[in-house]
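Here's the structure, in structure tokens; my notes come after.
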Amino acid sequence: MIFGDLIGDVIRTLWAHKLRTFLTMFGIAWGVVSIVLMVGAGEGLRVGQAKVAATLGKDVMIVFHGRTSLQAGGTRAGRAVHWEDQDVPVVVSESPDCQYAIPELEQETVRTHSNYNNAAFLVTGSFPEFSYIRSLNIGQGRFYDWEDQNLGRRVAFLGTEAAKQLFPGRNPVGENLYLNDFPYTVIGVMAEKKQDSSYDGWDVNKVFVPFAAMRRDFPDKPPGTSTTFDMLLVTPKSVAQHPACKHEVRAALGRMHRFDPNDKEACPIWDTVEEAQAFRQMTDGMKYFLGSVGFVTLLLGALGVMNVMMVAVRERTREIGMRKALGAPASTILKQFFLEALLIALLSGGAGLGIAYGICYLVDLAPMPDFFAGLLPTWTTSALACGLLGVTAVVAALYPARKAASIDPIEALRFEAGS
């Protein structure tokens, strides 16, 4: 029997048992759909959360000042620590694994008004790198630069909601803004930003000014002094350097303020890098679990193929005996049953992949919540599903095919269906 005749015979046999073939194919297709959709859902959750987390900042660590809990250098525990302007260059010079270390000073009680409306917004001052570190994308105008900082210019960059309230229906760029009656010029407005976490409120409701202007016009309040600030924002040069960067920052600040670098109460740090790594581990575990559920479904489908092929071998025992009696070699019988099982698996697997990608496409057309990026199947997942499908198909086909090829023709001719 040539290969073309063999394929034709396989297709005719499958068509003769349409219901049995369909149910078997459905089991395998559902297994493939399960793997792709479940892993795609896990990937969509990971990507969505990563995008939302990025709105807070790019691998940022927020270093707060606190109160010592350990004795160090002869000083008592329980001493309040406040960051000073002179700490910033020291941290930068002694932290080679850190890319940025910039101060942030805030005031909540600044009276804010324009020529059109009054409001109460948080005013914050920092260095120009603040816009990059905190993901403040520009919608209009520009962010303040180092020339503004060095000259202490009274310029302001507004969050979107702040701009809408202070300048309703108007373009605020170039307009005057009054902070405690100090005249500031609006130089830019932030782009729309969806944010689900913060250490001091939503960025859309803030006014951003250069650190020099903030220090001059709105210095830190008691118990702070005219040289203290609220937070130090630090980013590592790479994610791999993040533990070293954190250690270097604590060591530099500990030396400057005479506290133990291991005293986390004196120097509490909100580490978004660590949080992102922990979340990634959680979503990876979720993907592996969901993928294993789909694999079990696929394995059950393969067992269904094996059972169907075993039934087919039993039903066609006399046919097999007749073929072997007429001179058909065992290899031909083996090929036929092996091809039947393989064709069922491949067709159902292909159909499963097509259905899964179609479902993903249709679901992704709908609006998604901020924390979920949709069903995102990957080529890795598809390749894995195809690989598992191929292995299970070979395993499911091999035993029935070998059993059919090993049938004795004399015993087969004596066989009665149903006996």
Side-chain angles (χ1 to χ4, degrees), residues 51-58 60 62 100 102-221 229-231 233 367-371:
K51 287 181 178 178
V52 171
T55 62
L56 176 63
K58 297 176 174 65
V60 63
I62 298 96
Y100 295 114
I102 63 173
E104 184 178 6
L105 177 60
E106 299 177 337
Q107 289 285 3
E108 295 180 343
T109 58
V110 176
R111 301 185 308 275
T112 307
H113 70 91
S114 67
N115 294 326
Y116 313 100
N117 206 353
N118 299 327
F121 294 119
L122 179 71
V123 179
T124 179
S126 187
F127 291 169
E129 293 88 355
F130 187 85
S131 64
Y132 170 78
I133 294 174
R134 288 293 323 284
S135 301
L136 303 181
N137 296 323
I138 298 172
Q140 293 176 270
R142 64 179 180 88
F143 198 75
Y144 54 81
D145 55 25
W146 273 107
E147 185 177 354
D148 299 322
Q149 164 65 19
N150 293 333
L151 297 177
R153 287 174 178 162
R154 288 184 172 133
V155 293
F157 183 82
L158 304 182
T160 50
E161 294 303 315
K164 289 178 184 178
Q165 186 166 342
L166 291 168
F167 302 94
R170 293 174 172 83
N171 181 3
V173 177
E175 295 277 358
N176 285 333
L177 174 68
Y178 299 91
L179 304 177
N180 280 0
D181 295 329
F182 292 114
Y184 278 71
T185 301
V186 178
I187 58 172
V189 178
M190 187 176 68
E192 291 288 344
K193 181 177 183 179
K194 294 181 179 180
Q195 194 175 345
D196 75 336
S197 61
S198 180
Y199 53 91
D200 57 359
W202 308 131
D203 293 336
V204 295
N205 294 318
K206 293 181 184 177
V207 178
F208 305 91
V209 301
F211 187 79
M214 186 77 185
R215 167 66 73 214
R216 181 190 62 235
D217 296 339
F218 315 108
D220 201 4
K221 291 185 176 181
F229 57 88
D230 295 303
M231 284 87 62
L233 274 58
M368 295 293 164
D370 296 336
F371 62 86

Let me check something: any side-chain donor-acceptor pairs from residues 204-214 under 3.5 Å, sequence neighbours excluded? List them with distances.
residue, atom, partner, partner atom, Å
K206, NZ, D200, OD1, 2.6
K206, NZ, D200, OD2, 3.2
K206, NZ, D203, OD1, 3.0

Locate the shortest heavy-atom distance separating [X] from [Y]; write the atom from each residue and the value.
X	Y	value
F157	N137	CZ-O, 4.3 Å
L105	F229	CD1-CA, 4.0 Å
Q149	F127	NE2-CE2, 3.8 Å

All ring-ring contact (aromatic ring centres under 6.0 Å, His included) counterparts of Y144, not counting sequence neighbours: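 Once residues adjacent in sequence are excluded, Y144 has no partner under the ring-ring contact (aromatic ring centres under 6.0 Å, His included) criterion.
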
Salt bridge (charged side-chain N to carboxylate O under 4.0 Å, His left out) partners for R153, two or more places apart: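 Once residues adjacent in sequence are excluded, the partners of R153 under the salt bridge (charged side-chain N to carboxylate O under 4.0 Å, His left out) criterion are E147, D148.
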
Quick one: are [X] and [Y] in side-chain contact, heavy atoms under 4.5 Å?
X	Y	answer
L179	D217	no
T112	N118	no
N176	P183	no
V110	F121	no

Could you go through residues 159-172 and list every donor-acceptor pair under 3.5 Å that involves a side-chain atom there, pairing it with any protein atom two or more places apart or in another chain?
residue, atom, partner, partner atom, Å
R170, NH1, P168, O, 3.2
N171, OD1, Q140, NE2, 3.0
N171, OD1, V173, N, 3.2

Test of understanding: with side chain to side chain donor-acceptor pair (under 3.5 Å), list the residues that count as partners of [X], not counting sequence neighbours.
X	value
Y100	none
D220	T228
E129	W146
Y199	E104, R134

Stepwise side chain to side chain contact (heavy atoms under 4.5 Å, CB included) check, F143 with Y132: CA-CA 10 Å; F143 198 75; Y132 170 78; over 6 Å; no

Side-chain (R216) to main-chain (G152) donor-acceptor, under 3.5 angstrom: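 Confirmed, R216 side chain pairs with G152 backbone.
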
Pairs involving residues 171-189, ordered by first then second residue, that meet salt bridge (charged side-chain N to carboxylate O under 4.0 Å, His left out) (sequence neighbours left out):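 Applying salt bridge (charged side-chain N to carboxylate O under 4.0 Å, His left out) to every pair that reaches into residues 171-189, excluding sequence neighbours, yields R111-D181.
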
